[in-house]
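Any value given below was found using the heavy atoms of this structure, including those in side chains, with hydrogens, waters and symmetry copies removed. Just so we're on the same page: letters track the sequence lines, and every chain starts at 1. Because the structure is predicted, anything quoted here is derived from the model rather than measured.
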2 protein chains.
Amino acid sequence: MNPKETVDLQRASQLLKLLGDKTRLTMMKLLSSHECCVCEFVGIFKMSQPAISQHLRKLRDIELVREERRGQWIFYSINSEHEDYLLIKSILDQLPGQDESINDLEKQGLRISCG
Amino acid sequence: MNPKETVDLQRASQLLKLLGDKTRLTMMKLLSSHECCVCEFVGIFKMSQPAISQHLRKLRDIELVREERRGQWIFYSINSEHEDYLLIKSILDQLPGQDESINDLEKQGLRISCG
DNA sequence: ATAGTATATAATGATATGCTTATATGACCA
DNA sequence: TGGTCATATAAGCATATCATTATATACTAT
């Protein structure tokens with residue numbers, strides 16, 4: 001799939017609507033620097049596991065992210081082949097890094113629990 | 001207000017949520033190339049005047065657009081001084097031009113009605 | 001003043017969203 | 001096989017969103 005120069009307004013608005021949620025936007029920013037598994041997200045966000053799972057499903061539905069099972073864990077990653085990846089990336093690039101969340105996780109020993 | 005390098009996630013998600021509506025996103029794209037008055041939007045979108053007005057209010061509330069009364073008309077324009085203008089512009093730049101809508105309007109003689 | 005045009009606001013209703021709890025699925029291990 | 005961990009799905013509920021119709025406000029022109 002080749003990235004196009006412009007993104008159809010219908011698709012763009014749908015995309016932006018999905019990114020227009022703080023939890024999902026943060027997820028995407030996190031995923032832009034490394035893969036995460038679901039339990040890491042659960043550690044980061046003060047939210048139930050099903051809530052996390054439902055956000056990930058929405059991101060998966062329009063193929064913003066990919067999932068890959070490794071043993072009992074499922075890792076999510078950015079889909080850089082997405083047709084609108086240029087738009088997505090240009091947005092994420094303008095958001096502050098979320099390394100702090102990851103560091104906090106490690107302090108709590110939660111990062112390792114999945115790795 | 002100086003543009004910052006990155007946009008706080010809370011504000012960014014709020015912004016993206018507002019742009020995550022096809023009508024508002026199209027409005028913003030239109031405004032990025034020229035001012036419009038409300039009746040022009042009413043001509044372009046198949047929607048009631050109050051619906052248009054309410055979308056514009058949301059855009060105004062977070063200062064994405066400015067309004068300026070000229071006689072009995074109120075013209076809206078992009079607020080290029082917005083703190084997050086770089087993010088906004090980078091998004092709008094990746095959307096297809098909407099000159100067609102404007103041309104259609106002119107064909108119907110509706111453009112002039114406000115000008 | 002009055003009527004007409006442009007726009008905003010209020011009230012309302014249908015649908016969408018985002019969470020919760022409960023339950024199902026699937027992988028691993030004793 | 002049974003138990004446990006990681007994740008997904010289902011059902012339910014509170015709130016948000018987006019449209020509509022009705023009404024208010026503001027300017028213009030006669």
How many Å lie between CD1 on A/Ile74 and P on C/dA27, as a whole number?
9 Å
Anything under 3.5 Å between a donor and an acceptor, one on a side chain of residues 93-102 of chain A, the other on a protein residue two or more places apart or in another chain? List them.
residue: A/Asp93; atom: OD1; partner: A/Lys89; partner atom: NZ; Å: 2.9
residue: A/Asp93; atom: OD2; partner: A/Lys89; partner atom: NZ; Å: 3.2
residue: A/Gln94; atom: OE1; partner: B/Leu87; partner atom: N; Å: 3.2
residue: A/Gln94; atom: NE2; partner: A/Ser90; partner atom: O; Å: 3.0
residue: A/Gln94; atom: NE2; partner: B/Ser90; partner atom: OG; Å: 2.9
residue: A/Gln98; atom: NE2; partner: A/Pro96; partner atom: O; Å: 3.1

Checking A/Ile74 now: which residues fulfil side chain to side chain contact (heavy atoms under 4.5 Å, CB included) with it, not counting sequence neighbours?
A/Glu67, A/Arg69, A/Tyr76
Which is more 5' along DNA chain C, the nucleotide nearest A/Arg70 or the one nearest A/Lys46? Just name the residue.
A/Lys46
Would you kindly give the CD1-to-P distance between A/Ile52 and C/dG18, to the nearest whole Å?
13 Å
Treat primed atoms plus P, OP1 and OP2 as sugar-phosphate and everything else as base, then score nucleotides 21-26 of chain D 5' to 3': B for base contact with protein heavy atoms under 4.0 Å, S for sugar-phosphate contact only, - for none.
BB----
Excluding sequence neighbours, so at least two apart, what forms side-chain hydrogen bond (donor to acceptor under 3.5 Å, both in side chains) with A/Asp21?
none
Counting only side-chain nitrogens and oxygens, does A/Tyr76 get under 4.0 Å of the OP1 or OP2 atom of D/dA6?
no
With respect to the side chain of B/Met47, which nucleotide from C/dA6, C/dT9, D/dT20 is positioned closest?
D/dT20
Let me know the distance between CD of A/Glu68 and C1' of D/dT7, rounded to the nearest Å.
15 Å
With the threshold set at under 4.0 Å for non-hydrogen atoms, list the residues of residues 19-32 of chain B touching DNA chain D in residue-number order.
B/Asp21, B/Arg24
Determine whether B/Arg66 and B/Glu35 satisfy the following criterion, salt bridge (Lys or Arg N to Asp or Glu O under 4.0 Å), listing intermediate values before the conclusion.
CA-CA 10 Å; B/Arg66 287 172 167 159; B/Glu35 302 184 329; over 6 Å; no
Rounded interatomic separation in angstrom, taking CG from B/Leu18 and P from D/dT17
9 Å
If you check every side-chain atom of A/Ser53, which of D/dT7, D/dT17, C/dT7 has the closest atom?
D/dT7
Looking only at heavy atoms, the pair that brings A/Leu25 and B/Ala12 closest together is CD2-CB, 3.9 Å
Do you know which two heavy atoms are closest between A/Lys29 and A/Leu92, and how far apart they sit?
NZ-O, 2.8 Å
State, to 0.1 Å, how close B/Arg24 and B/Leu59 come at their nearest heavy-atom pair, and which atoms those are.
CD-CD2, 3.9 Å
For A/Trp73 and C/dT25, give me the distance from atom CH2 to atom C1', rounded to whole Å.
18 Å
Assuming nearest nucleotide by heavy-atom distance, tell me which of A/Lys17 and A/Val42 is located more 5' along DNA chain D.
A/Val42
Between B/His82 and B/Glu63, the two heavy atoms sitting closest are CD2-O, 3.2 Å
Distance test, side-chain N/O of B/His55 to OP1/OP2 of D/dT17, below 4.0 Å
no
So, does A/Lys58 get its side chain near the phosphate of C/dG18, meaning an N or O under 4.0 Å from OP1 or OP2?
yes
Length of the CZ-P vector between B/Phe75 and C/dT7, whole Å:
8 Å
Listed pairs under 3.5 Å, donor-acceptor, residues 41-49 of chain B side chains, sequence neighbours left out:
residue: B/Ser48; atom: OG; partner: B/Ala51; partner atom: N; Å: 3.3

